[in-house]
Number of protein chains: 2
Amino acid sequence: MRGNLFAVAVNLVVLTVRSDRLHVLLIERGEPPFLGHWALPGGFVRPEEDLVHTASRRLGEETGADTGSAVCGHLEQLASYAAPDRDPRGRVLSVGYLALLPDMPEPTPGGGAAASAWCAVDDVPPLAFDHQRILADGVERAKSKLEYTTLAVSFCPDEFTVTDLRRVYEAVWETSLDPRNFQRKVTSTDGFLVPTTTLVTGGRGRPPRLFRRGPATALHPPMLRESHRAGNRQPAPHDTELHHSVE
Amino acid sequence: MRGNLFAVAVNLVVLTVRSDRLHVLLIERGEPPFLGHWALPGGFVRPEEDLVHTASRRLGEETGADTGSAVCGHLEQLASYAAPDRDPRGRVLSVGYLALLPDMPEPTPGGGAAASAWCAVDDVPPLAFDHQRILADGVERAKSKLEYTTLAVSFCPDEFTVTDLRRVYEAVWETSLDPRNFQRKVTSTDGFLVPTTTLVTGGRGRPPRLFRRGPATALHPPMLRESHRAGNRQPAPHDTELHHSVE
DNA sequence: GCAAAAGTGTTTTCCGTACACCCATGT
DNA sequence: ACATGGGTGTACGGAAAACACTTTTGC
């Protein structure tokens with residue numbers, strides 16, 4: 001085994017929807033490097049710990065869930081970042097994780113953070129390390145996964161209305177969707193939503209029905225955002241097109 | 001910085017289409033652990049080397065391209081694997097990379113491998129470490145990317161016919177596609193294919209036209225494989241559904 | 001001529017979009 | 001009564017599936 005050893009960290013892109021805008025959980029660093037700067041929450045992987053354990057442990061610490069298992073939500077690996085100069089302390093590889101959560105109370109900082117806050121993704125300050133790129137990758141992943149999966153329900157509490165769900169899509173994609181067609185799409189997709197018998201009274205207008213998430217995870221056919229009419233899209237940030245040469 | 005240090009390796013899922021079947025490049029390990037077992041090609045990340053550099057360097061070594069830049073193809077990061085017991089030598093994190101290449105001559109082993117060979121993905125022997133999972137993730141990624149990107153051309157040589165391209169889809173998806181609808185779909189998608197003036201003579205039937213890859217990278221609307229009629233799909237192997245609890 | 005493969009046209013069907021319309025509640 | 005938001009019905013258009021048909025070669 002070679003002697004090129006790395007420290008391995010996990011960084012979390014924790015997304016939620018608050019007041020109809022997509023927000024990300026940021027922490028203010030309480031120790032160098034980048035002391036006082038904003039950053040994504042994260043931490044080093046402990047011995048005998050798997051990556052996803054580190055991620056869910058840190059997620060619990062930052063979002064307030066005491067024990068290991070958190071609220072209804074979603075956690076998936078994003079990508080790894082290991083540019084040689086990304087951390088002034090030395091060679092650190094960071095594995096990005098994407099977490100989608102329903103709206104939560106204000107976070108209480110943990111794991112060496114001086115402060116933590118929900119921040120609208122369009123208003124994020126400059127971030128420490130290469131966290132800006134990790135965040136961008138996470139947001140792009142979330143946007144595209146809403147198209148062909150039922151992951152939007154991960155942003156919703158246990159029971160929610162169709163309008164709640166639509167506002168999730170509108171916040172993440174920053175578009176507006178036709179409420180009537182949206183209603184039909186999600187209620188007619190088998191396994192997406194399970195209706196309850198409860199109606200929500202108290203608001204203006206006809207009381208909406210509450211739904212729970214169904215067993216389906218994929219959406220076929222997908223729900224497309226506006227931008228998808230053109231025949232081109234940028235290659236994903238970490239894709240590498242190998243250069244062309246004579247065979 | 002904590003003292004939990006990892007060795008960091010890159011492992012490659014190198015895919016190509018030979019004789020109308022999807023193949024993966026395997027090596028026979030020339031050193032312990034797992035000496036004599038089949039495995040994915042890979043290697044440790046050198047100091048000052050970025051992940052993608054390691055991946056493209058090892059790809060060049062194994063597929064015969066002398067210098068850094070390889071043939072036309074595609075290389076992208078898959079995911080990272082770091083279970084504590086995945087390597088008997090100690091704590092090793094492996095970053096999986098997916099490479100798509102046109103059909104190549106038989107490989108010449110490099111980087112400490114005893115042998116190397118193209119192996120049909122349906123006939124792979126048991127692999128060392130957790131390479132079976134990395135391979136499965138890579139194949140699944142390739143299958144799904146053919147749906148909504150133009151990446152299938154990465155499996156084709158510089159110039160190719162529409163039928164060549166269709167055979168790529170059929171091999172990767174293990175389905176058969178209607179040649180006539182396929183033809184219209186790919187030739188009418190703007191930026192997918194650029195026609196040349198050359199016709200290929202010598203075969204039976206009307207000589208087909210040669211095409212080159214176009215500038216488009218995304219396919220909208222996507223090309224769907226058969227299985228996508230049902231409303232469900234398995235969650236991706238590395239996704240984690242957070243358990244549910246009281247808020 | 002005949003078989004085989006390339007490529008085009010036509011019909012049907014599905015689905016997304018747009019929008020008219022009805023339903024059920026608060027004020 | 002009326003405004004407001006929930007929810008349904010319906011017409012239109014674009015694209016995919018299915019398949020008949022023409023084109024162009026080798027034999």
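Order of the sequence lines fixes the chain letters, A, B, ..., with proteins taken first and strands second; residue numbering starts at 1 for each chain.
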ask   = Between atom CG in B:Leu224 and atom P in C:dT13, what is the gap in whole Å?
value = 20 Å
request  = With sequence neighbours excluded, tell me which residues meet ring pair (Phe, Tyr, Trp, His ring centres under 6.0 Å) with A:His23.
outcome  = none
query = What's the CG-P distance between A:Leu177 and C:dA18, to the nearest Å?
reply = 11 Å
ask   = Roughly how many Å is it from CZ in A:Arg167 to P in D:dG6, rounded to a whole number?
value = 7 Å
key: Rounded interatomic separation in angstrom, taking CZ from B:Phe182 and P from D:dA17   = 12 Å
task = Report the distance from atom OH of A:Tyr148 to atom C1' of C:dG16, rounded to the nearest whole Å.
result = 21 Å
ask   = If you look at every strand shown and take non-hydrogen atoms under 4.0 Å, does A:Arg209 touch a base, only sugar-phosphate, or nothing?
value = sugar-phosphate
key: Test item: side-chain donor near acceptor, B:Tyr81 and B:Asp137, under 3.5 Å   = yes
ask   = Can you name the salt bridge (Lys or Arg N to Asp or Glu O under 4.0 Å) partners of A:Arg18, sequence neighbours left out?
value = A:Asp103, A:Glu106
What's touching nucleotides 1-4 of chain D from the protein side, N or O pairs under 3.5 Å?
residue, atom, partner, partner atom, Å
D:dT4, O2, A:Gly205, N, 3.2

key: A:Gly203 or A:Asp178, whichever maps to the more 5' nucleotide of DNA chain C   = A:Asp178
ask   = How is B:Arg180 classified with respect to the nucleic acid when contacts are heavy atoms under 4.0 Å: base, sugar-phosphate, or nothing?
value = base
Any B:Lys185 side-chain N or O less than 4.0 Å from OP1/OP2 of D:dA16 = yes
inquiry  = Restricting to salt bridge (Lys or Arg N to Asp or Glu O under 4.0 Å), what partner residues turn up for A:Glu159, sequence neighbours left out?
reply    = A:Arg212
ask   = Is there any ring pair (Phe, Tyr, Trp, His ring centres under 6.0 Å) pair reaching into residues 182-209 of chain A, and which pairs are they, with sequence neighbours excluded?
value = A:Tyr169-A:Phe182
request  = Report yes or no: does B:Gln183 contribute a side-chain atom to a donor-acceptor pair with the main-chain N or O of B:Val162 at less than 3.5 Å?
outcome  = no
inquiry  = What is the separation between atom CE on B:Met223 and atom P on D:dA15, rounded to the nearest whole Å?
reply    = 14 Å
message = If I take atom CZ in residue A:Phe160 and atom P in nucleotide D:dG6, what distance separates them, rounded to the nearest angstrom?
response = 15 Å
request  = Return the nearest nucleotide to the side chain of B:Pro207; candidates are C:dG7, D:dA18, D:dT25.
outcome  = D:dT25
remark   = A:Leu199 atom CG is separated from D:dG5 atom P, nearest whole Å, by 18 Å
request  = Applying salt bridge (Lys or Arg N to Asp or Glu O under 4.0 Å), name anything that partners B:Asp20, two or more places apart in sequence or on another chain.
outcome  = none
ask   = So, is B:Gln183 close to the C:dA6 phosphate, meaning a side-chain N or O under 4.0 Å from OP1 or OP2?
value = no
key: Closest to the A:Pro221 side chain, choosing from C:dA18, C:dC15, D:dA16   = C:dC15
note = From the candidates C:dT17, D:dA16, D:dG7, the one with an atom nearest any side-chain atom of A:Asn181 is C:dT17
inquiry  = Over all strands shown, is B:Thr163 touching base, sugar-phosphate only, or nothing at heavy-atom distances under 4.0 angstrom?
reply    = sugar-phosphate
